[in-house]
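Chain A is the first sequence line, chain B the second, and so forth, proteins listed ahead of strands; every chain is numbered from 1.
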Amino acid sequence: MTPLPDRVAALAAAALDAPVDDVRALLAPPRDRGRADLALPCFQIAKRRGANPVEVARAAAAAIAVAPPLAEVEAAGPYLNFTFEAGAIAEEVVGGAIAADAGYGTSDEGAGKTVVVDFSSPNIAKPFGIHHLRSTVIGAAIGRVLRARGYAVEGVNHLGDWGTQFGQLIVAYRRWGDERRLDGEGIPYLLELYVRFNEEKEAAPELQDEARAAFRALEAGDADCRALWARFKEVSEAEFRRVYDILGVTFEHFTGESFYEDKMPEVLAELEASGLLEQSDDATVVNLEDDGLGVSLVKKGDDSTLYVTRDLAAAIHRHRTFGFHKALYVVGAAQSLHFKQLFRILEKLGKPFAGDMVHVPFGLLRFKDGKMSTRQGKVIFLEEVLDRAVELARKIIEEKNPDLSDRDRVARQVGIGAVVFNDLKSRRVKDVTFDWDEVLSFEGDTGPYLQYTHARCANIFRKAGRAPEERAADVDYGRLELEPERELIRVIGQLGDHVRRAAEEYEPSIVAQYLLSTAARFNRFYNDDRCRVVGADPETREARLALVRATQITLRNGLALLGLEAPDEM
RNA sequence: GCGCCCGUAGCUCAGUUGGAUAGAGCAUCGGUUUCCUAAACCGAAGGCCACAGGUUCGAAUCCUGUCGGGCGUACCA
């Protein structure tokens, strides 16, 4: 059956003598106040024919025959408002959501297309800090949203496992390292060495030269340096995998920067052949001054490589391997220039896919008193944050629902949900200031609020003595006619639109905000005495159970896109 | 200096791609539980949408400029 908005667009287009597509594009749910389900602003259409929009709306309203599924067509000033019969819209939205179930909100518009998502990408030998959560959680959510739109997604963890910093670490370890402490303490010990190196470097600048030499040796294949590097990497990956398990984040590929080591000579040769390389102060650069992008250093004075060199190799390799539709880089906004340079160089190399590469930036995580700095040891370990959140969730459960059978599991779901949601709820470009109170908040616009709302839905089914999956044969959707019900139905009907926008804009917060408004609508319904489910007459009860089920599906699917679990009880 | 990003309630943020009277959460004050979990709900208070111009029937949204903040600006990533 044709979706209701399309049918309205057809009716309105006929009455207005305007193209259906134009009308369909203008048709939108009105802002909260109105009662109508859809509204059509008539300004543009009126202007095109030099008429008064108020007149146009009034004439159109008179010309449209009000027949099911429409209950009312009204001209409100320059707007044309449409209201559906309660049963028609409820059947389409609620019935549709229940029928689609896990598929509700998805689409196949990306079928046959592959998107590569480069995200998380922490640096080896450094702790997985709270600041890595941003790329990890945002990138993972973008990947899930794209999959929901039908795209094939290749998630790549571009581990920072190559570069001068390993020269630094090798130097630090050779000078001050202690085998037993490395064995026993792992990453925190490596962090200690890294911090010490950066402190001592202040007084002894020659240390930096030593570090560059060590990295050069590493790149040249020096056995000793290799062994140390492999050791650092092994210690780090163990910790990272633990964190990813906790967050439920997976990758198709764990190809770090070192993976491209043997692929860089080819790129450098291609750059050379294209005449893009210049010598400048001993270094090898690509000059992008004409594009207003400065110069990009592809090789240092000592011939060792840089970040951009590896990213060029990675981009070419990825296109060769995946033939991607888009390649996304979920990396902090601070690296905007780097990506502009990278994409521009690919363009200059004549790579046809250069235009399909997208930097998806996000804002900096900062402390109240300034920037987070690994070099100074100013980091908050992600695991500490998660542990505290889970601990607090456990405490709250013991207070509010001490009989809950699955306490540990739910505490984990809720605690982690709070931390993850907190990072996804605002537009990603905004800088965020780390605040324990905010991260550990479970009330208001939070993940636990959404999870709690979902649990309420599940609880209604328990109270009704019904399995949520069980479907009544006949539901009289016309019973859903009270205002709180109608508003809940309207919002449920918009999941797919919001998933689409989130995919188009690579913006998980669109889903997060949508879920908050869905939960708010449901809770209003839930708290309204007129809308009680279990005590209602049999017909109304069935209809409301269907509405609760549709809400539950919407919340559960949306939470899943963000990487949050949806417990049935908490 | 130049480039990119941000500026909406005391604080943290939404604002459906330019539409109707700018909305939430937190904090403050007041209320709701013999009734499906109060991690909730209802109400009060809180606004020069940084500022100034411009485009438009219409601007928080688009353009220009100013101010404020953040980030970046070659041998780190």
[options]: which one has an atom nearest the side-chain heavy atoms of [X]?
X: A:D282; options: B:A14, B:C76, B:C75; result: B:C75
X: A:L337; options: B:C36, B:G72, B:A77; result: B:G72
X: A:S426; options: B:A77, B:C36, B:A14; result: B:A14
X: A:N527; options: B:U16, B:C75, B:C41; result: B:C41

Quick check on the 6.0 Å ring-centre criterion: do A:F128 and A:F240 meet it?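 Yes: the rings meet the under 6.0 Å criterion.
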
Are A:F197 and A:Y194 near enough that their ring centres are under 6.0 Å apart?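 For A:F197 and A:Y194, the ring centres are not under 6.0 Å apart.
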
Atom pair distance, as rounded to whole Å: [atom1] in [X] and [atom2] in [N]:
X: A:E487; N: B:C41; atom1: CD; atom2: C1'; value: 15 Å
X: A:E438; N: B:C11; atom1: CD; atom2: C1'; value: 9 Å
X: A:R521; N: B:G23; atom1: CZ; atom2: P; value: 12 Å
X: A:Y526; N: B:A40; atom1: OH; atom2: P; value: 13 Å

Can you label the angle between the A:Y329 ring and the A:F343 ring as parallel, tilted or perpendicular, going by 30° and 60°?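 Plane angle between 30° and 60°, so tilted.
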
Determine the interplanar angle of the A:W436 and A:F434 rings, folded into 0 to 90°, and report it as parallel if under 30°, tilted if 30 to 60°, perpendicular if over 60°.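 A:W436 vs A:F434 ring planes: perpendicular.
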
Base, sugar-phosphate or nothing for [X]? Non-hydrogen atoms, less than 4.0 Å.
X: A:A334; value: sugar-phosphate
X: A:Y449; value: sugar-phosphate
X: A:R216; value: nothing
X: A:Q451; value: nothing

Check: B:A27 base within 3.5 Å donor-acceptor of A:D437 side chain: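 For A:D437, whose side chain was compared with the base of B:A27, there is no donor-acceptor pair (under 3.5 Å).
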
Quick check: any donor-acceptor pair below 3.5 Å linking the side-chain of A:S280 to the base of B:A74?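 Answer yes: a donor N or O sits under 3.5 Å from an acceptor.
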
In whole Å, what separates the [atom1] atom of [N] from that of [M]?
N: B:G10; M: B:U21; atom1: C1'; answer: 24 Å
N: B:G46; M: B:C63; atom1: C1'; answer: 33 Å
N: B:A27; M: B:A40; atom1: P; answer: 10 Å
N: B:A52; M: B:A60; atom1: P; answer: 13 Å
N: B:C11; M: B:G54; atom1: C1'; answer: 34 Å
N: B:A44; M: B:C5; atom1: C1'; answer: 38 Å

Just by distance, no angles: are the side chains of A:S304 and A:R212 close enough, under 3.5 Å, to form a donor-acceptor pair?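 The criterion, which ignores hydrogens and geometry beyond distance, is not satisfied for A:R212 and A:S304.
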
A:E504 bridged to A:R149 by N-O distance under 4.0 Å: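 Salt bridge flag = no for A:R149 with A:E504.
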
RNA chain B: A:N401 or A:R524, which has the more 5' nearest nucleotide?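 Its nucleotide being nearer the 5' end, the pick is A:N401.
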
Quick one: on RNA chain B, does A:Q44 or A:K425 contact a more 5' nucleotide (nearest heavy atom)?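 It is A:K425 whose nearest nucleotide is closer to the 5' end.
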
Would you say A:K430 reaches B:C6's phosphate, i.e. side-chain N/O to OP1/OP2 under 4.0 Å?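 It does not, given that no N or O in the side chain of A:K430 lies less than 4.0 Å from OP1 or OP2 of B:C6.
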
What is the base-pairing partner of B:C41, counting Watson-Crick and G-U wobble geometry with both distances under 3.5 Å?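 Paired with B:G31.
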
